[in-house]
Amino acid sequence: MLVARGRSRPALRRISRVTASAPDLVFPARPLPTVAVVGETARFPVRRIFCVGRNYADHAKEMGVEVDREAPFYFLKDAGSIVASGATIPYPQGTKDFHHEMEFVVAIGAQAFQASVEHALEAVYGYAAGLDMTRRDLQAKAKATAKPWDFGKNFENGAVIAPIVRKADFGAIGAQRIGLAVDGVLRQNSALDDMVWSVPELISHLSHFYRLAPGDLIYTGTPAGVGAVMPGNRIVGTIDGLPSVELRIGPAETA
Ligand code: MN
């Protein structure tokens, strides 16, 4: 017994030393992207950002496509593109058509691997109001030439998010209203049950292509009414039961 204890202790100490000490870095790592949680002092660390395309029929129509129920599709944004609600961001470079997309965001809090639709919500930590900011002209050009959407969708400050509300505090997803106003003028106005693919369907589907893990966010698509914003505009997006997401557009940055 004494021998066994003597053997196991140094091994344990070695493991804890390895995991506790940060590696030397050639330059400082960027700060971990995190999101506030309502009722918690601890924050939600962001891992990956999945975004669903065309998940409201009326938005698909305004983009010139009929929605189908064949399969949902996605694009991703870098975790570092997260911006907290209330921020002012510079008008991004490379675009002349910067659009708002108001979205219901699902925050994943547990592993989901090949999850069934019935069990998919077990992986949810909570929900938040978010903006999938879009360089529409770059996205349109990519679509027209069958190129990836990254330049239109994945750029600095492109994923805005309000504080997360825990799943139990929000309750069931149903007919909650989702809307967005620019300088007080309503532009987007719909309901969460207008989604083409439900939240459980999206989680289940994604979990057959990725091993969903705590920290992953899913932006679930935008209803009709997307449009351009300009420096000076103030965006306020609301979803029943969640803190509103707010964003101010500042002037473009210069070199
Ligand atoms: Mn979107």
Side-chain donor-acceptor contact under 3.5 Å, N233 with R248: no
Distance-only polar pair, side chains of N55 and T220, donor-acceptor under 3.5 Å: no
If every non-hydrogen atom of [X] is compared with every non-hydrogen atom of [Y], which pair is closest and at what distance?
X: S244; Y: S85; result: O-OG, 3.5 Å
X: P231; Y: Y91; result: CD-CD1, 3.7 Å
X: Q111; Y: P214; result: N-CD, 4.0 Å
X: S204; Y: A115; result: OG-O, 2.7 Å
X: S207; Y: A112; result: CB-O, 3.5 Å
X: P45; Y: L32; result: CB-CD2, 3.8 Å

Determine, using the 4.5 Å side-chain heavy-atom cutoff (strictly less than), whether [X] and [Y] are members of one ILVMFWY cluster.
X: F170; Y: I161; result: no
X: I178; Y: V124; result: yes
X: M133; Y: I218; result: yes
X: V83; Y: V38; result: yes
X: V229; Y: V236; result: no

Identified side chain to side chain contact (heavy atoms under 4.5 Å, CB included) partner of H59 from the options D194, V67, V196, V226: V226
I173, V199, L217 screened by side chain to side chain contact (heavy atoms under 4.5 Å, CB included) with V106, the one that passes: V199
Geometric class of the F104/Y127 ring pair [parallel <30°, tilted 30-60°, perpendicular >60°]: parallel
Please report the interatomic distance [atom1]([X]) to [atom2]([Y]), rounded to the nearest 0.5 Å.
X: D137; Y: D97; atom1: CG; atom2: CG; value: 5.0 Å
X: D193; Y: S198; atom1: CG; atom2: OG; value: 11.0 Å
X: D78; Y: F155; atom1: CG; atom2: CZ; value: 12.0 Å
X: Y210; Y: Q114; atom1: OH; atom2: CD; value: 14.5 Å
X: R211; Y: L206; atom1: CZ; atom2: CG; value: 14.5 Å
X: K147; Y: L138; atom1: NZ; atom2: CG; value: 12.5 Å

Does the side chain of [X] reach to within under 4.5 Å of the side chain of [Y], using non-hydrogen atoms?
X: D132; Y: T222; result: no
X: Y56; Y: L192; result: yes
X: L76; Y: N154; result: no
X: Y74; Y: C51; result: no
X: L202; Y: V52; result: yes
X: N157; Y: P92; result: no
X: R166; Y: V37; result: yes
X: I89; Y: I249; result: yes

Side chain Q176, main chain A172, donor-acceptor under 3.5 Å: yes
Any donor-acceptor pair under 3.5 Å from E103 side chain to G221 backbone: yes
side-chain contact (heavy atoms from CB on, under 4.5 Å) between L131 and M102, worked out: CA-CA 5 Å; L131 298 171; M102 178 62 199; 3.9 Å; yes
CA sep, side-chain torsions, deciding dist, call: T95, R135, side-chain hydrogen bond (donor to acceptor under 3.5 Å, both in side chains): CA-CA 6 Å; T95 184; R135 297 192 286 206; 5.8 Å; no
H100: side-chain hydrogen bond (donor to acceptor under 3.5 Å, both in side chains) partners, not counting sequence neighbours: R187, Q188
NZ/NE/NH1/NH2 to OD/OE distance under 4.0 Å, [X] and [Y]:
X: E201; Y: R69; result: yes
X: D216; Y: R48; result: yes
X: D150; Y: K77; result: no
X: K153; Y: E101; result: yes

Close aromatic pair by centroid cut-off 6.0 Å: F73 and W149: yes
Test of ring centre spacing under 6.0 Å for F50 and F75: no
Neighbour count above 12 (heavy atom, 6.0 Å) for [X] [atom1]:
X: Q93; atom1: CD; answer: no
X: E62; atom1: CD; answer: yes
X: K141; atom1: NZ; answer: no
X: E40; atom1: CD; answer: yes

